[in-house]
Amino acid sequence: MEKKPIMSNFIRNIVIEDLESGKHKEIITRFPPEPNGYLHIGHAKAICLNFELADEFNGKTNLRFDDTNPLKEDTEYVESIKEDVKWLGYEWDGLYFASDYFEEMYNRAVLLIKKGKAYVCDLTADEIREYRGTLTTPGKESPYRNRTVEENLDLFQRMRNGEFADGEKVLRAKIDMASPNLNMRDPVLYRIAHATHHNTGDRWCIYPMYDFAHPLEDAIEGITHSICTLEFEDHRPLYDWVIRECEMENQPQQIEFARLNLTNTVMSKRKLKQLVDEGYVDGWDDPRMPTISGLRRRGYTPEAIRNFARAIGVSKNNSIVDHRMLEHFIREDLKLKAPRVMAVIKPLKVVITNYPEGKTEMLEAENNPENPEMGTRKIPFSREIYIEQEDFMENPPKKYYRLFPGNEVRLKNAYFIRCNEVIKDAQGNVVELRCTYDPETKSGTGFTGRKVKGTIHWVDKNSALPAEFRLYDVLLSDEEGEEEKSFLDCINPNSLEIAQGFVEVNMKDAQKQDKFQFFRHGYFNVDPKYTTKEKLVFNRIVSLKSSFRIE
Ligand code: ATP
Ligand code: MG
């Protein structure tokens, strides 16, 4: 991987202090996704942060599947997550599943019971909520709170044995029903769920809650810095309580940072899953999705995503990042890498009446004028070509410098042509233009006889390859993005436009996921799903220009 600028931030400062003070000899971080969906760009922020922090200080990073909820998790998600982390360019040290620690977690819960720090409670979920109280009123103690250790041990064992139905009993921590922190009012540690788990099958019918499981997972793996998002700040006292009361040898430190939010983007897996399940998009990897797999299919590169993640930085304040900032980084990454070729998205036929019939000449073109190392290529030119429909107007407004009757333009890498005649169909639609070319004006010959104001692109009709172009706009029209409740109401009905056109013949060997800049149109990726031997399908990654500026 390329040498990157260091992400200086408050978490890095904590790590430096801990290494200097000798609190830790080596740091170990982890990325702990729940396998209940595909990773998105927000996860990428957490991935880059954890892996690069450990990497900088020669530490380790684990990939750990936080799979404690059998109802929502699936091996399909496990596989996609592994693929996405690797594709982003990171190698994990340990690969773990929280479910591998179920036996140890159970034993730690038994220890809590023996210490009088946990009890089996028969209140229903609604009753537990009611008893919990509010921020301004203290909670009420459960009538089951003072069961004896023996009774609790017996009931917990029987919960495990499957003697009770879902919801009939839970195991709760015995902390403080009057605590100002609601998370400390006897939180639930275990619940009953008779469900098949993707990893442990039917071995368990009780499952640990996140607040109990997560600190144990971190401690078992010897994680030194457990980085999570801001909404867990109020859970930190409970995190520390679990580590302490369960008498864990390692004492990881939980540190919170602000999650990434992007304009015009939903980032919760639940909502993304809804878009997939209800058919609003073409799967998790739809190029409009903010998922890593969607961004990959759209044509984003790992470099662009990593550079974006570094640029947004890490802070303690929630904010919303302009989604155009992400676009800025893919333009930057592809500027010197992507070959620049010609594609006509909405074709209009042009016949060059004074060009000899049956002749084809090969014109020279640079592959990337900003990167001469990419060399040159030959483009065929003959009597019939396609230009873009938008590059012709029969009755143009002032300052229209493209083609109109009587006007002359430059064809990129070729000749000047002048429009003499407009052919229409029975409905009055323009279907063909008759033009003449001036052989003196050939590109590269240094012709200075006269100037034209417009340069347009084209492809040779005879040799051009048919292509489909998929042009994307934001999936959500709402600028507020994720905060909007009925996000389905904000779906942009025009987020995908499909057009049938042509690309120059030089693209005949283009492979899935190859990236190009189409002159004047933007950056495009060869779609891996719909491209066939017969037809190339392109996803527009981004247009060429944006009003967005990075200060
Ligand atoms: P979601 O609400 O999308 O399901 P999550 O936080 O429940 O997200 P997890 O699979 O639990 O998803 O997340 C794994 C890790 O990724 C966590 O450490 C979490 O803090 C981090 N993460 C998730 N979303 C974001 C985000 N938008 N920005 C930064 N980090 C994130
Ligand atoms: Mg989650």
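Note that ligands are numbered from 1 as they come in the structure, with each ligand's atoms numbered from 1 the same way.
- Ring pair Phe469/Phe538 is parallel by interplanar angle, where below 30° counts as parallel and above 60° as perpendicular.
- Residue-to-ligand polar distances keep Ala258 apart from ligand 1: every N/O pair is separated by 3.5 Å or more.
- Near Pro32, meaning under 4.0 Å from any of its heavy atoms, are these atoms of ligand 1: 14 (C), 18 (O).
- Between the side chain of Arg147 and the backbone N or O of Val120 there is at least one donor-acceptor pair closer than 3.5 Å.
- For a threshold of 3.5 Å applied to N or O pairs, the pair formed by Phe31 and ligand 1 contains no separation below that value.
- Ligand 1 has no N or O atom lying under 3.5 Å from any N or O atom of Ser268, backbone or side chain.
- In this structure, of Met267, Arg30, Lys271, Lys269, the residue bringing a heavy atom nearest to atom 8 (O) of ligand 1 is Lys269.
- In this structure, His214 and Tyr210 have parallel ring planes: the angle between them is below the 30° cut-off, well short of the 60° mark.
- The shell of residues lying under 4.0 angstrom from ligand 1, judged by heavy atoms, excludes Arg270.
- A perpendicular orientation is assigned to the rings of Phe524 and His521, their planes being inclined by more than 60° (bins at 30° and 60°).
- Shown in contact with Ala46 at under 4.0 Å from a heavy atom are these atoms of ligand 1, numbered in order with element: 16 (O), 21 (C), 30 (N).
- Ligand 1 has no nitrogen or oxygen under 3.5 angstrom from a nitrogen or oxygen of Glu231.
- Every salt bridge (Lys or Arg N to Asp or Glu O under 4.0 Å) that Arg145 has, sequence neighbours left out, goes to Glu141, Asp186.
- Between Tyr106 and Phe156, the two ring planes are parallel [angle under 30°; tilted spans 30° to 60°].
- Closest heavy-atom approach to atom 19 (C) of ligand 1 within the set Thr229, Asn50, Asn36, Thr265: this belongs to Thr229.
- The distance from the OH atom of Tyr190 to the CE atom of Met105 is 6.5 Å, given to the nearest 0.5 Å.
- Of all atoms in ligand 1, numbered sequentially from 1 with element shown, those under 4.0 Å from a heavy atom of Pro33 are 10 (O), 14 (C).
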